[in-house]
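A short write-up of the structure that comes next.
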Amino acid sequence: MARATRDLVGELVRNALELAQADGALPPIPPIELRIERPKEREHGDYSCNVALRLASAVRRPPMDVASAISERIMCTEPIATVDVARPGFINIRLDEEWQRGQLLSVIDAGEAWGRIDLGVGHRVQVEFVSANPTGPLQVGNGRGAVLGDALASVLDAAGFEVEREYYVNDAGAQIRLFGRTLFTRYQQQFGREVPLPDGGYQGAYMIDLAAQIKDEAGERWLNSADDPPEELAERGLQLMVDQIRDDLGLLRVEFDHWKRESALYDGASGSSTYDVAMGRLRDGSYVIEKEGAVWFRSDDLGEDKDNVLIRSSGEPTYFASDVAYHYDKFLSRGFDTVIDVWGADHQGHVARTKAAVTAVGGDGDALEVLLYQLVHLRRGDERVRMSKRTGEIVTLRELIEEVGADAARFFMLQRSADAQMDFDLAAAASADPRQNPASYVKYAHARCASVMRNAAEAGLSASSDHLQLLVEEQETVLIGEILRLPELVADMATRREPHHLTYYAQGLAQAFTQFYDAHRIVVPDDPERSGARLTLTLASQAALAASLRLIGVDAPDEM
RNA sequence: CCCCCCGUAGCUCAACCGGACAGAGCGACGGACUUCUAAUCCGUAGGCUGGAGGUUCGAGUCCUCCCGGGGGGACCA
C-alpha cells in the first residue's frame with residue numbers, strides 16, 4: 001500500500017465536501033485543509049473529521065447541519081462502511097471490516113517493509129547527525145543524537161523520501177590542532193620522554209592508547225620531528241579516532257552513507273574551493289563587513305539581531321565560516337531539497353544564524369531544519385550516574401552499549417520526544433525482563449508469533465485467507481486496527497520529524513497481539529478454518545512488529 | 001537582562017501541530033497457569049495537566065504574566 005488508509009478516507013470526505021458545494025447544500029467556501037483524525041474512543045469510529053465544526057461559522061450554519069450535509073454525500077465504498085454525525089458536529093467514519101481483514105494479505109506481502117508509503121517520492125533529504133568532534137570517543141549524549149537521527153532517516157525513507165545519512169567530521173581548526181599536539185606529546189611519552197601536555201590538551205586515557213597504537217605501527221618515525229604536531233602523525237591519529245567513532249556507531253547499528261570532512265571544504269585552487277565560493281556569495285550579497293580587524297557576517301537584513309565573526313583577526317576562519325561553506329555545499333552544490341541537522345540543545349544558539357547563512361548564500365533558509373534534542377541524564381535505579389568531564393567520570397557511548405545492549409539503548413533513547421530531557425535508567429535497560437524493558441516486550445511478542453507459526457506447521461496447519469470473516473473477536477478487531485495503522489503513523493512521523501512515536505506504536509501493537517494470543521487459541525487442529533484465519537492474523541502481526549522494530553533499529557528475533 | 005526547551009498519576013513519560021471521558025509502562029494492592037513461550041494476561045487505586053488571567057462552540061495544547069528545572073547568549077565548538 002503506497003497510500004495510508006486515512007488518505008483514502010480523506011479523499012472521499014473531500015469529494016463529499018465539494019459535492020455539497022456544487023449542489024448548493026453548502027455555500028462556496030475557500031479550500032480548507034482537511035484533517036482526518038483517529039478518535040480516542042472506539043465508539044466514535046475508526047476515523048473522524050472536524051471539518052464541519054471549523055466551517056460552521058464561515059458558512060453561518062449550525063455545525064450539525066454542515067456535518068449532515070457533508071456526511072450524506074460521503075460515498076460508502078471500499079474502505080468506508082458507515083458514516084455518522086455526532087454531537088457538536090463531528091463526522092465519524094467506520095471502516096469496512098471485511099476490507100480491513102483483506103488488507104492483512106497486503107501486510108504479509110509487504111513483510112518488514114510494511115508501512116512504506118510514497119509521501120516523499122522525488123524529494124531528496126539529508127539528515128546530518130552525531131557529527132561529534134573527532135577529538136575523543138562518543139559520549140552518551142551523542143548516542144541520543146545517533147538514535148534520533150538514524151530513526152528519523154529510516155522513517156523518512158519509509159515515507160518514500162530519498163534520504164542520505166551524513167556525518168560531518170570537524171577535522172579543521174584549533175581543536176583538531178590541539179588534538180594533534182596532545183597526541184604528539186603522548187607519542188613522545190611512549191618513548192620515555194618527559195613532555196608536558198599542551199595547555200588545555202585532551203586529558204583522556206584514550207589519547208595514550210592512540211599514541212601506543214601509533215608507536216606500534218610506526219615506531220620512532222616522528223619521534224624527532226620538529227613539527228608540532230607532525231602532520232602525518234596528526235592525520236593518522238584522526239583516522240584512528242574516526243574509525244573508533246565509526247565502530248562505536250556500528251555497535252549501535254548506525255551507519256552513515258557519507259562522511260564529509262570539513263577540511264574538504266577548503267580543497268581546491270584558490271578561489272575555487274567550496275569555502276571560497278561560499279564566501280564569495282556572501283560578499284556578492286553584501287553580507288560581509290569588516291570591523292575590529294575581523295570579517296563578520298552581517299545578517300540584520302535576515303532578521304538576526306547580531307553579527308557573527310567569519311574570519312578572526314588572526315586570519316583564521318571560524319567554525320561558523322566552515323558551517324556557511326558546508327551548508328552552501330549541502331544546498332547549492334549537492335542540491336538537497338531539505339536538510340535536517342540533528343543537534344544537541346547546547347547548539348541552540350546556532351540555529352538562527354545558520355538558517356540566515358543558507359539564505360545569504362542563495363539557498364532557502366526554511367529548507368534547513370534543525371532538530372534539537374535535550375540532554376540525557378543517566379541513572380541506575382534510584383542512583384544518579386554522574387557524567388562530569390571534570391571528574392573524568394564520563395560515560396562513553398561504548399560503555400553504555402556494553403552495559404545495556406544496542407536494542408535497549410536504541411529503544412530507550414527513542415522513547416522520548418526530542419525536546420524533552422531524558423532520564424535513562426541503566427538498570428531497566430539492562431534488564432531482559434519485559435516488565436522492566438519494553439524493547440524486550442516487543443521482541444518477545446515477535447518471537448511468540450514465530451513460535452506460534454512453528455507450532456502450527458507441526459500440527460499441519462497453515463495460514464489461509466479463505467475464512468478471514470471468522471476474525472470477529474474484540475481482540476482480533478483491535479489487533480487488525482493496530483496493524484493497519486502503521487502507514488499513517490509513518491506519514492505523521494515523517495511530516496513532523498518525530499520518530500519517537502515508533503516505540504509507543506510498537507508497544508501497543510505488541511500488547512494487542514499478546515492480548516489476542518492470551519484470549520484465543522490460535523492453533524486449533526479441530527478447526528482448521530479458524531486456525532487458518534488466525535494464523536493469517538499472526539503472520540500480519542509478525543510483519544508489522546518486524547517492520548516497526550526495523551524502523552526503531554532493534555532486532556526482531558524468532559525465539560527468545 | 002535576553003532567547004530556547006521542559007513542568008501531566010508516587011516514578012519515567014505519551015497525548016495524532018485547538019477536539020469528544022487526559023493515556024501507557026513501572027511501582028502499589030487483588031486475581032488468573034494440567035492447553036500455542038505465565039518473559040504473559042485481567043482487575044483496583046492513583047489527576048484542579050506548576051499557578052493566575054485571556055482567546056472560543058471547545059485549551060494539557062494558542063496568547064500574556066508569575067513560579068520552578070535545564071540549556072544557550074564569546075574573534076570556543
Side-chain angles (χ1 to χ4, degrees), chain A residues 6 35-41 43-44 48 50 53-54 56-57 62-63 86-90 92 132-133 135 170 173-175 200 292-296 305-306 308-314 316-320 322-323 344-352 372-375 377 379 382 412 415-425 428 431-438 440-441 443-445 447-448 450-456 458-459 461 485 488-489 491-493 495-496 498 500-501 503-504 507-508 511 514-515 517-525 531 534-535 538 559-560:
Chain A
R6 187 179 54 192
R35 283 222 323 279
I36 306 296
E37 296 188 314
R38 192 168 276 269
K40 287 174 195 161
E41 301 295 321
E43 305 133 39
H44 296 141
S48 73
N50 66 357
L53 284 159
R54 294 195 293 139
S57 65
R87 287 166 252 161
F90 290 105
N92 292 334
N133 283 332
T135 53
N170 295 120
Q175 26 107 32
E292 299 158 28
V295 177
W296 301 69
D305 54 353
K306 209 185 302 193
N308 290 282
V309 173
L310 289 164
I311 303 174
R312 289 179 259 253
S313 47
S314 67
E316 190 176 14
T318 60
Y319 177 87
F320 175 59
S322 283
D323 249 12
D346 54 340
H347 287 64
Q348 164 259 124
H350 302 211
V351 176
L372 296 171
Y373 61 92
Q374 301 293 319
L375 294 182
H377 293 122
R379 63 189 175 110
D382 293 332
F412 276 61
Q415 264 186 304
R416 277 77 185 105
S417 78
D419 49 11
Q421 284 185 42
M422 177 168 68
D423 261 33
F424 190 108
D425 186 351
S431 169
D433 184 349
R435 278 169 304 194
Q436 303 283 320
N437 184 341
S440 291
Y441 180 81
K443 287 162 69 175
Y444 185 65
R448 185 173 257 170
S451 171
V452 168
M453 294 312 298
R454 284 192 297 269
N455 288 322
E458 218 163 285
L461 294 168
R485 193 162 76 86
E488 70 186 49
L489 182 72
D492 288 341
M493 291 188 299
T495 304
R496 300 180 54 184
E498 288 180 351
H500 71 276
H501 298 290
T503 61
Y504 295 95
Q507 284 179 84
Q511 186 172 41
T514 310
Q515 287 169 339
Y517 168 90
D518 187 73
H520 306 289
R521 188 135 185 108
I522 299 169
V523 178
V524 185
S531 293
R534 287 186 173 160
L535 287 168
T538 301
E559 52 189 318
M560 285 178 77

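Below, each value reflects all heavy atoms present in this structure, side chains not excepted, and no hydrogens, waters or symmetry copies. Chain identifiers are assigned alphabetically (A, B, ...) following the order of the sequence lines, protein sequences preceding nucleic acid strands; residue numbering begins at 1 within each chain.
Considering only side-chain N and O atoms, A/Tyr517 lies under 4.0 angstrom from the phosphate OP1 or OP2 of B/A38. Between B/U37 and A/Ser451, a contact under 4.0 Å exists linking OP1 or OP2 to a side-chain N or O. At least one side-chain nitrogen or oxygen of A/Arg312 sits closer than 4.0 Å to the OP1 or OP2 atom of B/A77.
Using a 4.0 Å heavy-atom distance criterion, A/Asn92 is classed as a base contact. Across all strands shown, A/Arg448 has heavy atoms under 4.0 Å from sugar-phosphate atoms exclusively, and none from any base. Residue-level contact check: A/Met560 touches the bases, meaning some heavy atom is under 4.0 Å from a base atom. Among the heavy atoms of the strands lying under 4.0 Å from A/Glu43 is at least one base atom, whether or not backbone atoms are also near. Using a 4.0 Å heavy-atom criterion, one finds that A/Arg379 contacts the sugar-phosphate atoms exclusively. Among the atoms of the strands shown, base atoms are found under 4.0 Å from some heavy atom of A/Ala294. Using a 4.0 Å heavy-atom distance criterion, A/Ile522 is classed as a base contact. Residue A/Tyr441 is classed as a sugar-phosphate contact, given heavy-atom separations below 4.0 Å to backbone atoms only.
Going from the P atom of B/A52 to that of B/C57 covers 24 Å, rounded to whole Å. B/G19 and B/U35 have their C1' atoms separated by 46 Å, with the value rounded to a whole Å. For the C1' atom pair drawn from B/A14 and B/A24, the interatomic distance equals 7 Å after rounding to whole Å. Going from the P atom of B/G70 to that of B/U61 covers 24 Å, rounded to whole Å. Taking atom C1' in both B/C3 and B/A74, one finds a spacing of 16 Å when rounded to whole Å. Across the C1' atoms, B/A22 and B/G58 are found 15 Å apart, a figure rounded to whole Å. Rounded to a whole angstrom, the distance from the P atom of B/G60 to that of B/U49 is 7 Å. For B/C1 and B/A15, the P atoms lie 33 Å apart once the distance is rounded to whole Å.
Distance CG (A/Asp433) to P (B/C26): 9 Å, rounded to an integer number of Å. B/G71 atom C1' lies 15 Å from atom CE of A/Met422, rounded to whole Å. In this structure, CZ of A/Arg435 is placed 18 Å from C1' of B/U12, rounded to the nearest angstrom. In this structure, NE2 of A/His377 is placed 17 Å from P of B/C11, rounded to the nearest angstrom. In this entry the distance linking CG of A/Leu489 with C1' of B/A14 reads 13 Å, nearest Å. Across the protein-nucleic acid pair, A/Asp423 atom CG and B/A14 atom C1' stand 16 Å apart, rounded to whole Å. One interatomic measurement links the two molecules: CZ of A/Arg87 to P of B/C21, which rounds to 7 Å at whole-angstrom precision.
Side chain of A/Arg312 to main chain of A/Pro317: a donor-acceptor pair is present (N/O by atom type, distance under 3.5 Å, no hydrogens or angles). Without hydrogens or angle criteria, A/Ser440 side chain to A/Ala432 main chain gives a donor-acceptor distance under 3.5 Å. A/Thr538 places a side-chain N or O within donor-acceptor distance of the main-chain N or O of A/Arg534, the cut-off being under 3.5 Å. Of the possible donor and acceptor atoms, none in the side chain of A/Arg35 sits under 3.5 Å from a partner among the backbone N and O of A/Asn50. Looking at A/Ser531, its side chain does come within 3.5 Å of a backbone N or O of A/Val524 through a donor-acceptor pair.
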Could you pull out the protein-nucleic contacts involving nucleotides 15-19 of chain B (nitrogen or oxygen on both sides, under 3.5 Å)?
from	atom 1	to	atom 2	distance (Å)
B/A15	OP1	A/His500	NE2	3.1
B/C16	O3'	A/Arg496	NH1	3.3
B/C16	O2'	A/Asp492	OD2	3.3
B/C16	N3	A/Arg38	N	3.4
B/C16	N3	A/Arg38	O	3.0
B/C16	N4	A/Arg38	O	2.3
B/C17	OP1	A/Arg496	NH1	3.1
B/G19	N7	A/Asn50	ND2	2.7

Which atom pairs link the protein and nucleotides 1-6 of chain B when you take only N or O atoms and keep those under 3.5 Å?
from	atom 1	to	atom 2	distance (Å)
B/C5	O2'	A/Asp419	O	2.3

Under-3.5 Å N/O pairs linking protein and nucleotides 42-51 of chain B:
from	atom 1	to	atom 2	distance (Å)
B/C42	OP1	A/Gln515	NE2	2.4

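Between the side chains of A/Thr135 and A/Asn133, no donor-acceptor pair is found at a separation under 3.5 Å.
Which of B/U37, B/C75, B/G27 sits closest to the side chain of A/Tyr444 comes down to B/U37. Listed nucleotides: B/G72, B/A74, B/C26. Nearest to the side chain of A/Lys306: B/A74. Among B/U40, B/U37, B/C21, the nucleotide with an atom closest to any side-chain atom of A/Ala447 is B/U37. Comparing atom distances between the A/Ser313 side chain and each of B/C75, B/U40, B/G27 picks out B/C75 as nearest. Listed nucleotides B/C75, B/U35, B/A77 differ in distance to A/Arg521; the shortest reach to its side chain belongs to B/U35.
For the pair A/Thr318 and A/Ile311, the minimum side-chain heavy-atom distance is 4.5 Å or more. Residues A/Gln415 and A/Gln507 are in side-chain contact: their nearest non-hydrogen atoms beyond the backbone lie under 4.5 Å apart. In this structure, the side chains of A/Trp296 and A/Asn308 stay at 4.5 Å or more apart for every pair of heavy atoms.
Shortest non-hydrogen contact noted between A/Ala86 and A/Asn92 is CB-ND2, 3.4 Å. Pairing each heavy atom of A/Ser313 with each of A/Glu292, the nearest pair is CB-O, 4.5 Å.
Between A/His500 and A/Tyr504, the two ring planes are perpendicular [angle over 60°; tilted spans 30° to 60°]. Relative ring orientation between A/Phe424 and A/Phe412 is described as tilted, the plane-to-plane angle lying within the 30° to 60° band.
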Review point. How would RNA chain B look in dot-bracket form, 5' to 3', counting Watson-Crick and G-U wobble pairs with both distances under 3.5 Å and writing | for bases paired to another strand?
Key: (((((((..((((.....[...)))).(((((.......))))).....(((((..]....))))))))))))....
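A syn base is found at B/C33: its glycosidic angle is within 90° of 0.
For A/Asp423, the salt bridge (Lys or Arg N to Asp or Glu O under 4.0 Å) partners are A/Arg379, not counting sequence neighbours. For A/Ser431, the side chain to side chain contact (heavy atoms under 4.5 Å, CB included) partners two or more places apart in sequence, or in a different chain, are A/Asp433, A/Gln436.
Between A/Arg6 and A/Asp492 there is a salt bridge, since a side-chain N of the basic residue sits under 4.0 Å from a carboxylate O of the acidic one.
Stacking here means ring centres nearer than 5.5 Å and ring planes tilted less than 30 degrees, and by that measure A/His347 does not stack onto B/G72.
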Point to revise | Criterion side-chain contact (heavy atoms from CB on, under 4.5 Å) on A/Tyr373 and A/Asp419, from CA distance to verdict | key: CA-CA 5 Å; A/Tyr373 61 92; A/Asp419 49 11; over 6 Å; no
